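Notes follow the structure.
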2 protein chains.
Amino acid sequence: MKRRSITSYDVARAAGVSQSAVSRAFSPGASIADATRKKVLRAAQELGYQPNAIARSMSTARKDDHQKSGMVGVIVTRLEDPFFAHTIAHFSRNLQAQGWHMLLFTVDSQAQVDDALNALMQYQIDGVIILSALLSNHMTKVCRSKGIPVMLYNRSAAESGVSSVVIDNREGGRLAADLLREAGHDRIAFVGADTEDETSRERRAGFEERLRADGLSPVQVETGDYTFVSGREAGLRLFARSERPDAVFCASDVMALGVLHAVRFELGLRVPQDLSLIGFDDIPSAAWPGHLLTTIRQPIRRMIREAVDMLVERMENSEAEAKITRFPGSLILRDTVRRIDTGQTKNET
Amino acid sequence: MKRRSITSYDVARAAGVSQSAVSRAFSPGASIADATRKKVLRAAQELGYQPNAIARSMSTARKDDHQKSGMVGVIVTRLEDPFFAHTIAHFSRNLQAQGWHMLLFTVDSQAQVDDALNALMQYQIDGVIILSALLSNHMTKVCRSKGIPVMLYNRSAAESGVSSVVIDNREGGRLAADLLREAGHDRIAFVGADTEDETSRERRAGFEERLRADGLSPVQVETGDYTFVSGREAGLRLFARSERPDAVFCASDVMALGVLHAVRFELGLRVPQDLSLIGFDDIPSAAWPGHLLTTIRQPIRRMIREAVDMLVERMENSEAEAKITRFPGSLILRDTVRRIDTGQTKNET
DNA sequence: TTCTGCGATGAATGCGCATTCAATATCATG
DNA sequence: CATGATATTGAATGCGCATTCATCGCAGAA
């Protein structure tokens, strides 16, 4: 099948102008007479011509330091997680709104991030967003040397050339502990992830910090992997042991829901009467009538808008500085944490 | 900053060979001596050279009908929906496994699909996957004329050049009706989507067909938009009217969970004692201990593998035919549909 | 030894476009 | 009407690579 695609030359011929004119007709701000542009656009319309973005990025290659492909690489782990799906959805819309395209790569582990980035770089991406993962020192250098701005979302990095947008995990942990302490709990458990995981580590750190202020420490610590299933199992383990907690703080809503379903529907415990439960993220299902999970909300819309804006700024202006932006989380009071009767409060500890 | 990137010429110079040799070193199957290839690869390694995929696709432009960019465009609506998130995650992994890259585009409505596809086509994608949306006749033609294979997932289309992978929605609806009838229900409601929506229409069609066989029809029909919130509201409306159903079939699990939470936690009804409920999809949260939603499962892993394989086949071999593949759904019995005591069954109606 | 054939190699070319540079057209001003 | 200034235009060029074409060299055949 001979189906050579329509090029600017075809349009030029049809419109009776030069190829340059066609190119200019499609370049905002180019020096071209209105009449000519119209003529070209009409011809293009008729032929069904669309500029070839690939060729376009080839020819702009010389422009400055590196070519602009108009594509942003996004590397994500655990896309199946509702929290990430939401995040990606927002990233996608925000990038699109500014005319950028998203080249998506899914990885299973931190170890694959470098490979993914390598693959993406072959496509001359103009920037990269990495969700909940870090970049090796080596790749950080490579990106810097190629002038590719990196945006870490949900992870902080102090390296130069690497921006990040994160929630204040430590403060979030503190808020959670605060609430549980106010409600009078003193046998509090924590369900987090692997100690490798920065997010969980920080949330736990803030949490324990606050407990320590009252001379306490978690009565139990369980480890999950941010999935519902792991949360459920953690919940089951928590209450299989003798030292049962009277409150549980989970490093994510998904895990908190796992705990909630386990204790309420499998163990028959009452929440919040038998135990209080607090999560982190405020995913949509936390607000479902049967859950009403008390949690720490991440302002993800704002966070993502900020992340995209920062990245775009750096892609468009290579002088722009990389920086870390930390957002505060906020406590969302729902029904899984025991309420203290006002009046005779504040005399717990 | 002068940071011209490393090109094949740089590597050629370093390795003491011609640029052609470098190109060949990176092209599997090219005619090149082993020693030369090794020499080139070593030099490339040292310089940190990676072939430029963009330039690569430029130069292969002449090869046959159109250039191979190695990218597949994916257009998705409602990425925030857990069902879609899962789907995208699988697509991403499957495509990657075969060496393809995913250029993701999120749209809000059917109307934006054409624009999205146009944008994607500028990137010379080799194929396109459209989730839960259709393609206009115009764009169908455009894709055919450019030789871009189209894969519709979750929508069927008979157009030539357009493949699709779908679940057998009609049969699924029938299965659901079957089960509810066997359980002795006769005041059955349906919660679906807009009549524009093929999926919901088909599920409903199969469902009603089965009811008609028993001389019945839905006592109520509610419309949602596949979100939890819309399901919840539909549930509330269903039971606000006098003709209360004794069973509800929802066109999706997410909506079914909306109904479940509404009736169980807001209206205080018992499921399945006061009403039976059945969903469609079998999303992970349908299996949570507090839900145990009876549903029709879609074999999404298999479906997606098939979709990717079919598309890849068509991208690699332009002779390959487009076709529609329909997968059967299967009934997953959990706890939201009343069980019939065996023995004195079958005498319901 | 000479000839044939094939694997390996490099020079040259073009993919489709944006951009530079030089040439021309148009305009306002004196 | 002349003149410089400005707005348009087209020809030519190169982005980085794969591929074609013409050589070259070498191994095995005669």
Side-chain angles (χ1 to χ4, degrees), chain A residues 2-40 44 47-70 121-124 126 146, chain B residues 2-40 44 47-70 121-124 126 146:
Chain A
K2 277 272 178 286
R3 55 165 104 72
R4 206 181 55 77
S5 56
I6 297 145
T7 73
S8 55
Y9 281 96
D10 301 320
V11 177
R13 196 167 338 107
V17 296
S18 71
Q19 180 268 328
S20 316
V22 178
S23 171
R24 290 190 179 104
F26 283 92
S27 307
S31 166
I32 184 175
D34 236 36
T36 313
R37 167 168 272 146
K38 282 211 185 74
K39 196 163 52 173
V40 170
L47 296 176
Y49 168 80
Q50 295 261 128
N52 178 330
I54 298 275
R56 203 163 205 169
S57 100
M58 275 297 306
S59 71
T60 50
R62 90 191 73 169
K63 192 169 181 182
D64 34 36
D65 40 15
H66 79 286
Q67 54 254 70
K68 295 274 178 263
S69 64
M121 287 207 300
Q122 299 192 7
Y123 280 90
Q124 314 304 117
D126 296 327
K146 299 205 176 194
Chain B
K2 277 272 177 286
R3 57 165 103 74
R4 206 181 54 78
S5 56
I6 298 145
T7 73
S8 55
Y9 281 96
D10 300 320
V11 178
R13 194 165 342 103
V17 297
S18 72
Q19 180 268 328
S20 316
V22 177
S23 172
R24 285 196 262 259
F26 283 93
S27 308
S31 166
I32 184 175
D34 234 37
T36 312
R37 168 168 274 147
K38 282 211 186 73
K39 196 164 52 174
V40 170
L47 295 176
Y49 168 79
Q50 296 261 129
N52 178 330
I54 299 276
R56 203 163 205 169
S57 102
M58 274 297 304
S59 69
T60 49
R62 91 193 73 169
K63 192 170 181 182
D64 35 35
D65 38 16
H66 79 285
Q67 54 254 70
K68 295 273 177 266
S69 64
M121 287 207 300
Q122 300 192 5
Y123 280 90
Q124 313 304 117
D126 296 327
K146 299 206 176 194

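Model, not experiment: these values are computed from the prediction.
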Find the distance [X]:[atom1] to [N]:[atom2] and express it as a whole number of Å.
{"X": "B:R56", "N": "C:dG14", "atom1": "CZ", "atom2": "C1'", "answer": "17 Å"}
{"X": "A:K39", "N": "D:dT9", "atom1": "NZ", "atom2": "P", "answer": "8 Å"}
{"X": "A:L47", "N": "C:dG16", "atom1": "CG", "atom2": "P", "answer": "15 Å"}
{"X": "B:D10", "N": "D:dG16", "atom1": "CG", "atom2": "C1'", "answer": "11 Å"}
{"X": "A:N52", "N": "D:dC15", "atom1": "CG", "atom2": "P", "answer": "18 Å"}
{"X": "B:Q19", "N": "C:dG14", "atom1": "CD", "atom2": "P", "answer": "15 Å"}
{"X": "B:M58", "N": "D:dT13", "atom1": "CE", "atom2": "P", "answer": "18 Å"}
{"X": "A:I54", "N": "C:dG16", "atom1": "CD1", "atom2": "P", "answer": "12 Å"}

The correct set of residues in residues 24-35 of chain B placing a heavy atom under 4.0 Å from DNA chain C is B:R24, B:S31, B:I32, B:A33

Side chains of A:T7 and A:N52 in contact at under 4.5 Å (non-hydrogen atoms): no

Is the distance from OP1 or OP2 of [N] to the nearest side-chain N or O of [X] less than 4.0 Å?
{"X": "B:Y9", "N": "C:dG10", "answer": "no"}
{"X": "A:T36", "N": "D:dT9", "answer": "yes"}
{"X": "B:T7", "N": "D:dG16", "answer": "no"}
{"X": "B:S59", "N": "C:dG14", "answer": "no"}
{"X": "A:S18", "N": "D:dT9", "answer": "no"}

Taking 4.0 angstrom as the limit, do B:R13 and B:D10 come out as a salt bridge? yes

Base, sugar-phosphate, or nothing for B:V22, non-hydrogen atoms under 4.0 angstrom? nothing

Give a yes or no on whether a donor-acceptor pair under 3.5 Å exists between the nucleobase atoms of D:dA11, that is its base, and the side chain of A:S20. yes

